[in-house]
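We name chains A, B, ... by the order of the sequence lines, and we start the count at 1 in each one.
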Amino acid sequence: MKRFLVVFLAVAVLVSLVPVAAGAQEEPRGRMAVVVSTLNNPWFVVLAETAAERARQLGYEATIFDSQNDTAKETEHFENIIASGYDAILFNPTDADGSIANVERAKEAGIPTFCIDREINATGVAVSQIVSDNYAGAVEIGKYFVKKLNKEGKYVELLGLVGANPTWNRSNGFHSVVDNYHGLEMVAQQSADFDRNKALEVMESILQAHPDIEAVFCGNDAMAMGAYQALVAAGKADEVLVFGFDGAKDVIDLIQEGKIAATVMQYPKLMAKTAAEWADQYVRGERSFPQKVPVAVELVTQENVDRFTAYGKK
Amino acid sequence: MSKKLVFAVLLLSVLVFLTSCKIVSLSEAERAAQEAQFDPKEYAEAFWSEKLIKHFDEAIDANILFEVIAAHPEEAKEKYSRSVGLGGIYYYFVRGKGKVLTIEEDRVGITIKPQGDKPALFIATDYIFGNTICNATGLLDRNDFSNSQDFNNISGELNNIVATRVLPPFLEEVQTGMMVEFVGCARIASDEDLYPMLLIPVSLKLSMQ
């Protein structure tokens, strides 16, 4: 009995010293915050979720913060993130100028920020800014636009959020091409805030004033869908060419069906994964990162859409 | 005047002042001042005359480039191209001399082989757009610009110089059979863009032989 008790106790002590291998959970390497401009747009959902997932794969806890396109909300998130001591921020800014102060505060608190998809108008504040080459993409869609309209016709432009750089990079890229063709006339240009519902309302209103347009260029695919809906409701979907920007699923599907003319494929998963990986490298001690990193984008048309899928290539 | 009235006037003055002014941080004010001073046309002119034309000899010789592309395309890309950011698009900065074979609506076909009968490359004569010149030469760093729109606007002005100063005299004189010395920039998005290569020209000199 005594021997049994001694053996039993010895085994109990040994078992308590050996870590349980199966199901043991390592401590997270740290915490990453993913601050996204809005989750009301599927494109940004993909961006945020990809960033968070990659951060988790790298061993971090990851939390997504939705700024709801509101710089004040974004500032609140940054205050919480800084107070909670996150190790890195993967950041999709709401405003190229208005968001700078948030990144500066994070920097002062020793938290590195990696901008994804949108930049801030400052260098040396964020560690790196990984953004689509919107201007180059808009040049490509502008060239295709001119070709499809045969260099003449009336058209409308729907702009994104006026405080976001992609809005102006896309518009400027588009106009750097299209404005050279005097047969093409822009009859209306209005912001619909990158929002589908707003684009629907704006387009309905524009169609009343300009029923004879031949095309609409939208600064993102959510607005392209809104514009398309308005055209369908007006019975003009077969007469007006719709051009978007993003590579979102619904637009890719409609390009395949021959209902939307073209979009520009961005690569949100590439941007998000790169940001998470570079943030991890930073946490491990790396400090050399390029400041502005453009990510190539590609024109998607009815002629080449078979090579693409939502948010990427097949 | 009663103290209350004075106080009321002072308070009103402060309120008017605060509502009529926008208080910004010093860094915001400095950024705004820099942006207000930036003139992309002026910048592009200075870049063209003081920098770009002095670096033409850094462009890879077309004979060498096409030989290496034909034998080892990956080696050509590694040795002679420039990439910008992520995503696989790269650029060549190329110079050479060749014979004009074809004159089309938006491009001129050139052979660089003495007896060549097919264009190895084309000089773009229309659709001069995008950041190809900046990206191919590597002489302008987008990291130097806090707002990428400034970088893009400079590209627009450089393209304008090509369209209004480089191309018109060339198009006026060019004929098939003439020789042309060229310096240009190519954007390669896929292998199809290598054969034949399309160059945005930054320098063109015609001669009879």
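- With a 4.5 Å cut-off on non-hydrogen atoms, Ile120(A) touches chain B through its backbone but not through its side chain.
- Glu119(A) touches chain B through its side chain: at least one heavy atom from C-beta onward sits under 4.5 Å away, while N, CA, C and O do not.
- Only the side chain of Asn172(A) comes within less than 4.5 Å of a heavy atom of chain B; its backbone N, CA, C and O stay farther away.
- For the pair Arg95(B) and Phe56(B), the cation-pi test (distance below 6.0 Å, angle within 45°) is failed.
- For the residue pair Thr75(A)/Asn102(A), the side-chain donor-acceptor check at 3.5 Å is satisfied.
- Under the 3.5 Å distance criterion, with hydrogens and angles disregarded, a donor-acceptor pair is assigned to the side chains of Glu303(A) and Tyr144(A).
- Looking at Asn153(B), only its side chain comes within 4.5 Å of chain A, counting heavy atoms on both sides.
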Kindly determine whether Glu53(A) and Lys273(A) satisfy salt bridge (Lys or Arg N to Asp or Glu O under 4.0 Å), including the steps that lead there.
CA-CA 9 Å; Glu53(A) 192 191 324; Lys273(A) 283 179 186 169; over 6 Å; no
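- Within the 4.5 angstrom heavy-atom criterion, no atom of Asn134(A) approaches chain B.
- A cation-pi arrangement is present between Arg170(A) and Phe245(A), with the terminal nitrogen or guanidinium carbon under 6.0 Å from the aromatic centre and inside a 45° cone about the axis.
- For Phe145(B), the part lying under 4.5 angstrom from a heavy atom of chain A is the backbone only.
- Interface remark: of the candidates Asn180(A), Asn169(A), Val293(A), Asn169(A) forms the most heavy-atom pairs closer than 4.5 Å to chain B.
- Using modelled atom types, one finds a donor on one side chain and an acceptor on the other under 3.5 Å when comparing Glu298(A) with Tyr267(A).
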